[in-house]
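Notes follow the structure.
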Amino acid sequence: MAKPKIVVLGAGLGGTLTAFALRERLKNRADIFALSDSDTYTFVPSNPWVAVRWRKVKDIQVDLPPVFAKQGIGFSSAGAKRLVPAENRIELGDGTSMAYDYLVIATGPQLAFDEVEGLGPDGFTQSVCTGRHAEAAADAFDRFVENPGPVIIGAAQGASCYGPAYEFAMIVDTELRRRKIRDRVPMTFVTAEPYIGHLGLDGVGDTKLLLESRMRDRDIKWITSARIAKVEDGMMHVEEIAADGAVVKAHDLPFKFSMILPAFKGVPAVFGIEGLTNPRGFILADKHQRNPTFKNVYSLGVCVAIPPTGPTPVPVGVPKTGFMIESMMAAIVENIADELDGKAPENEASWNAICLADFGDGGVAFVAQPQIPPRNVNWAAQGKWVHRAKVLFEQYFLYKVKHGQAEPFYEKLALRIMGVGKLKIRPTRTKSTEIIGA
């Protein structure tokens, strides 16, 4: 019999590790194929460093074809033009078509700069969402420091990734102080969040107090519940929104340099497929990371549809952090293995989160178990050690990708010691509980 073919669509953080993990878990029981629109993996969490030239993009990239080849994983960078899940195939960017038995969608998002007039690298603000964007931001930052002035950093309405905005604001502050020009740069943080430190998660531990304190220390002003109406060359028009949706105050903010994270939506290859995506194009998934309509389609990462933690005056999405994505990966790999064994999928991702937010000369770390409240663990801390930890994590993660490893044994051991799991612990039923529940 022919081996089942498992295609992983996307080769970012989630897709790359999932392909490695499937190969390790399934050995030679299945053909694994990774499909991307690029030959290169970029460690996106380091993009804020690229934008101030603390890193070069090439320092945080890995050439994927030889890595996948060494692991016995097929690979193409033709990209996906359109998914046809009813026929179990993908139309590729080069005009060919690829069939699959199982599909894991890990595409990441489409960046919705177009939803705000003048937003994005094709408009008047910068981005750190991709390596190319970070390089462009670095060029803009070079021009800015020659003639400094006001800076605006933040996240637009509907954004779901707030950590990098906070990181970049603090990193820019640190770099400007090193250059001895911070006194010439008024800084404003503009965010859709209802309060500083919300992070799309209704806060984690004391992130509200920690981040407000750090921003006061660094003399960074802020506007929350902010809706960006329009961006013009050197001017951002921001509306501050009340709980009832009314405009409390309109701000016309001049700037010489700005980095604003956009809202996300689903990529064109999957957008609008009935039964697969929600209206924003995010993939629908059950508690086993499996699509309810197309049962052989799994998904993980930023492309997955997750409802917000609660109502907010301005739309605020939920972030999909690195460890949370890896927990989705763990569930998917085990569930596909179970399906190949003729069993029904039962594994659920823990959605636990471990995050390091670097501020250039320090930072904030938090652990949320699970990431979405209510939580069993809700902890945040700060210190210079966070910056060092982030540097070490960057090096470690790039090492994993270069060597085709999803989770080395020493990582599993460390997580076990910390008590942070990637899979939900299944409750065991004892004889007494069976009687009580009968």
Side-chain angles (χ1 to χ4, degrees), residues 4-12 14-15 18-19 22 33-37 76 78-116 157-161 200 262-309 311 315-320 324-325 328-329 331-333 335-336 338-340 344-349 351 372:
K5 184 173 184 177
I6 305 171
V7 174
V8 180
L9 178 55
T18 299
L22 285 167
F33 198 96
L35 176 61
S36 178
D37 59 0
S76 170
K81 182 179 180 182
R82 191 65 174 170
L83 174 62
V84 190
E87 300 176 12
N88 294 333
R89 66 182 180 88
I90 309 168
E91 296 175 356
L92 306 188
D94 61 4
T96 63
S97 183
M98 178 180 295
Y100 59 83
D101 296 293
Y102 293 93
L103 176 67
V104 180
I105 302 177
T107 59
Q110 177 86 349
L111 305 174
F113 292 113
D114 61 311
E115 294 181 347
V116 178
Q157 54 268 29
S160 58
C161 188
F264 294 160
K265 59 184 178 182
V267 300
V270 301
F271 201 98
I273 298 177
E274 186 175 354
L276 183 72
T277 66
N278 71 5
R280 289 287 295 177
F282 293 112
I283 309 300
L284 301 171
D286 63 16
K287 63 183 180 180
H288 305 301
Q289 303 300 136
R290 186 168 67 162
N291 180 256
T293 302
F294 305 101
K295 301 290 188 179
N296 61 339
V297 176
Y298 289 84
S299 60
L300 75 158
V302 180
C303 67
V304 176
I306 299 178
T309 57
V316 171
V318 175
K320 289 88 172 183
M324 180 188 188
I325 293 172
M328 295 180 186
M329 171 199 74
I332 289 171
V333 170
N335 285 332
I336 291 178
D338 284 346
E339 287 206 67
L340 295 184
E346 294 185 350
N347 295 278
E348 299 178 37
W351 286 18
I372 310 299

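Note that K5 lies in the cation-pi zone of F33, set by a 6.0 Å cut-off to the ring centre and a 45° limit from the axis.
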Kindly indicate, with the supporting measurements, whether the criterion side-chain contact (heavy atoms from CB on, under 4.5 Å) is fulfilled by V8 and L22.
CA-CA 10 Å; V8 180; L22 285 167; 3.9 Å; yes
Derivation and outcome, side-chain contact (heavy atoms from CB on, under 4.5 Å), residues V318 and S160:
CA-CA 5 Å; V318 175; S160 58; 5.6 Å; no
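Side chains of H288 and K295 form no contact here, defined as non-hydrogen atoms less than 4.5 Å apart. Between Y298 and E339 the shortest side-chain heavy-atom distance falls below 4.5 Å. Residues Y100 and V297 form a side-chain contact, since some pair of their non-hydrogen atoms from C-beta on lies under 4.5 Å apart. Considering only heavy atoms from C-beta on, I273 comes within 4.5 Å of R82 through its side chain. Looking only at side-chain heavy atoms (C-beta outward), N347 and D338 come within less than 4.5 Å of each other. Contact check for S299 versus V104: no side-chain heavy atoms found under the 4.5 Å cut-off. At a threshold of 4.5 Å between non-hydrogen side-chain atoms, the residues L276 and I283 count as touching. A 4.5 Å side-chain heavy-atom check between L83 and L103 finds at least one atom pair inside the cut-off.
Not counting sequence neighbours, the partners of K287 by the salt bridge (charged side-chain N to carboxylate O under 4.0 Å, His left out) test are E348.
Side-chain N or O atoms of K320 include one that pairs as donor or acceptor with a backbone N or O of V304 at under 3.5 Å. Not one N or O on the side chain of R280 forms a donor-acceptor pair closer than 3.5 Å with the backbone of G266. Of the possible polar contacts, none joining the D37 side chain to the A80 backbone as a donor-acceptor pair under 3.5 Å is found. Between the side chain of T96 and the backbone N or O of L92, no donor-acceptor pair lies under 3.5 Å. A donor-acceptor pair under 3.5 Å is formed between the side chain of N278 and the backbone N or O of F282. For the pair N291 (side chain) and G275 (backbone), a donor-acceptor distance under 3.5 Å is present.
No side-chain donor-acceptor contact under 3.5 Å links N296 and D101.
How far CG of N335 is from CD of Q289: 8.5 Å, rounded to the nearest 0.5 Å. Rounded to the nearest 0.5 angstrom, I90 CD1 and M98 CE are separated by 6.5 Å.
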